[in-house]
Number of protein chains: 2
Amino acid sequence: MKSEKKQGRPRAFDAKTVIGRAREVFWDKGFSAASLDTLSAATKLNRPSLYGAFGDKEELYLDALEDYREDSMDVLSEALDPALPLRENLASVYARALKIYLHGDTAARGCFLISTATAEAIQHARIREVLGRSLNDFDDAIKERMELAVERGELPTDADPATLARLASAVMHSLAVRARAGDTRETLEALARSGVDLICGRK
Amino acid sequence: MKSEKKQGRPRAFDAKTVIGRAREVFWDKGFSAASLDTLSAATKLNRPSLYGAFGDKEELYLDALEDYREDSMDVLSEALDPALPLRENLASVYARALKIYLHGDTAARGCFLISTATAEAIQHARIREVLGRSLNDFDDAIKERMELAVERGELPTDADPATLARLASAVMHSLAVRARAGDTRETLEALARSGVDLICGRK
DNA sequence: CATATTTTATACCGTTTCGCATAAAAATCT
DNA sequence: AGATTTTTATGCGAAACGGTATAAAATATG
């Protein structure tokens, strides 16, 4: 019969935590340059445990990507609070993004997806798929807010929500790349502001 | 005394050609995943020859980055022909970029710099420097054309050339990422058009 | 308490990695 | 022609790589 606890020796780790630690390694080094030794050390799991729980290196990386994607969507929907004006929403999206992108020990890490998944996208179809899907989901979430903005009159009636959403994302992609390239916070914040102005109209 | 030809056995290869072939490998696989065996095969040079001529793998990669940067700047300045209207210039920049980004055997390769250098930017300071410098040079070239546009009245007098240039670049960064993520040509061309509209004003 | 099941720990395996040592080959210089 | 210089070719070698075999440890089941 079934029992609550499953049989056998219990795991001495939390899968979510382990994926988070692995994500840090992948974020700094990229997929290819991250060795299983490093991942094993960072997660405090032996390699056999890593394999038993997550499969091979690519699957662990895909889990980390998926985890990041979910976190990002959560942050995005927080930022797009419909109780606030569109302009504030968009500014909040960029501010929250920059907070993440500018974090890092040796240098600003940028966006985990854009900075590391792009490099592998040609050779690993599954990584390319996650990357593409993530970008689209992001666009779609912003698009919904843009549609609401058109309904409410925050944007002109002839504005195309899908197009504006992709442009809003474009600014964020640029913030991601530039952060990792070493741009200063000031430069990036200025780009964010001008992006808001361009899309929402100058204040 | 000195002679035109230098002493010793002459090289059986052209350095520029070799860097170009290496660039193809790095572009598809990224820096870390590109092995010296693969590079040696693609360039048809033995590893000792590669080392003698270019140094280690990172230096060869930096040469490839620099080569790409120069090519890109050439393409950019062709596209920004001041004899043509700003709108056509910008459309041309994006069209030429997409032509490059959408090329590839198994999948669209995107931008060599953005797709592969970002991944290494944290661990390799020199790569980060080249990446940052390249993005800035690109912005600056567009900025110059924007300044001319303000002088000529193609843009309103209160338009800020530096800001507009960074936004124009932002759209291109997004094209680069999205191309590598598997977006269709149509989607990317639509983004390019809306970018032109947003920056130059809707036609 | 014995058995079954799952996770952990150690150690290992074959392969690939980067980089170089060594020597042959091809040119110029004296 | 012989010496010198530089490039090419072969192949090595130590280290790191991803992945796994094996056995001990820790739990649930009967």
Side-chain angles (χ1 to χ4, degrees), chain A residues 1-19 21-26 28-65 116 119-120 123-127, chain B residues 1-19 21-23 25-26 28-65 116 119-120 123-124 126-127:
Chain A
M1 313 308 156
K2 272 189 191 161
S3 156
E4 274 90 73
K5 298 205 139 188
K6 72 176 167 187
Q7 217 178 172
R9 178 170 176 172
R11 284 188 172 167
F13 62 90
D14 171 59
K16 197 89 176 165
T17 308
V18 168
I19 292 175
R21 296 221 175 103
R23 189 169 86 179
E24 297 293 307
V25 174
F26 284 130
D28 276 351
K29 307 208 170 197
F31 169 72
S32 295
S35 74
L36 283 178
D37 275 344
T38 310
L39 289 164
S40 176
T43 58
K44 292 164 191 162
L45 256 71
N46 304 309
R47 271 192 306 241
S49 296
L50 276 177
Y51 275 83
F54 307 102
D56 66 6
K57 184 172 138 182
E58 178 169 353
E59 285 193 81
L60 178 58
Y61 177 69
L62 287 168
D63 284 345
L65 280 188
T116 71
E120 315 296 333
Q123 302 289 318
H124 299 88
R126 293 176 66 192
I127 296 177
Chain B
M1 320 305 165
K2 274 189 190 157
S3 159
E4 276 89 75
K5 299 205 140 191
K6 74 174 166 189
Q7 218 179 171
R9 179 169 173 173
R11 285 188 170 162
F13 62 91
D14 171 60
K16 198 90 174 165
T17 308
V18 169
I19 292 174
R21 296 222 175 102
R23 189 170 84 179
V25 174
F26 284 130
D28 276 350
K29 308 209 169 195
F31 169 72
S32 295
S35 74
L36 283 177
D37 275 345
T38 310
L39 289 164
S40 176
T43 58
K44 291 164 192 161
L45 255 71
N46 304 310
R47 276 199 301 262
S49 295
L50 276 176
Y51 275 84
F54 306 101
D56 66 7
K57 186 172 135 182
E58 178 169 353
E59 284 193 81
L60 178 59
Y61 177 69
L62 287 168
D63 284 344
L65 280 187
T116 71
E120 315 296 333
Q123 301 291 318
H124 299 87
R126 293 176 67 191
I127 295 177

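Note on naming: letters A, B, ... go to the chains in the order of the sequence lines (proteins, then strands), and numbering restarts at 1 for each one.
- A:Arg9 places its CZ atom 6 Å from the P atom of C:dA9, with the value rounded to the nearest Å.
- In this structure, B:Asp37 places its CG atom 17 Å from P of D:dC17, rounding to the nearest Å.
- Rounded to a whole Å, the CG atom of B:Leu36 is 12 Å from the C1' atom of C:dC20.
- Atom P of nucleotide C:dT10 and atom OH of A:Tyr51 are separated by 18 Å, given to the nearest angstrom.
- Checking the phosphate oxygens (OP1, OP2) of C:dA9, a side-chain nitrogen or oxygen of A:Asn46 falls inside 4.0 Å.
- Distances shown here put every side-chain N or O of B:Ser49 at or beyond 4.0 Å from the OP1 or OP2 atom of D:dT7.
- Backbone-only engagement by B:Ala12 is indicated by non-hydrogen atom pairs under 4.0 Å involving sugar-phosphate atoms exclusively.
- With a 4.5 Å cut-off on side-chain heavy atoms, B:Leu65 and B:Phe26 do not count as touching.
- Between the CG atom of B:Leu60 and the C1' atom of C:dC18 there is a distance of 13 Å, given to the nearest Å.
- When the nearest nucleotides of DNA chain C are assigned to B:Ser35 and B:Gly8 by heavy-atom distance, the more 5′-ward of the two goes with B:Ser35.
- Listed nucleotides: D:dT4, D:dT7, C:dT7. Nearest to the side chain of B:Arg11: D:dT7.
- At least one side-chain heavy atom of B:Val18 sits under 4.5 Å from a side-chain heavy atom of B:Phe13.
- Nucleic acid contact for A:Pro48: base, since at least one base atom lies under 4.0 Å from a heavy atom of the residue.
- Residue A:Ala33 is classed as having no contact, given no heavy-atom separation below 4.0 Å to the nucleic acid.
- In this entry the distance linking CG of A:Leu50 with P of C:dT7 reads 13 Å, nearest Å.
- For an aromatic pair to be called close, the ring centres must be under 6.0 Å apart, and A:His124 with A:Tyr61 fails this.
- Atom CD of residue A:Glu24 and atom OG1 of residue A:Thr43 lie 12.5 Å apart, to the nearest 0.5 angstrom.
- Summarising the geometry, the separation between CZ on B:Arg47 and P on C:dA23 is reported as 19 Å, rounded to the nearest angstrom.
- The listed nucleotides are D:dG19, C:dA27, D:dT5; the one nearest the side chain of A:Asp56 is D:dG19.
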Side chains of residues 45-52 of chain B: which donor-acceptor partners sit under 3.5 Å, not counting sequence neighbours?
residue, atom, partner, partner atom, Å
B:Arg47, NH1, B:Asp37, OD1, 2.3

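- The distance from atom NZ of B:Lys57 to atom P of D:dA15 is 19 Å, rounded to the nearest whole Å.
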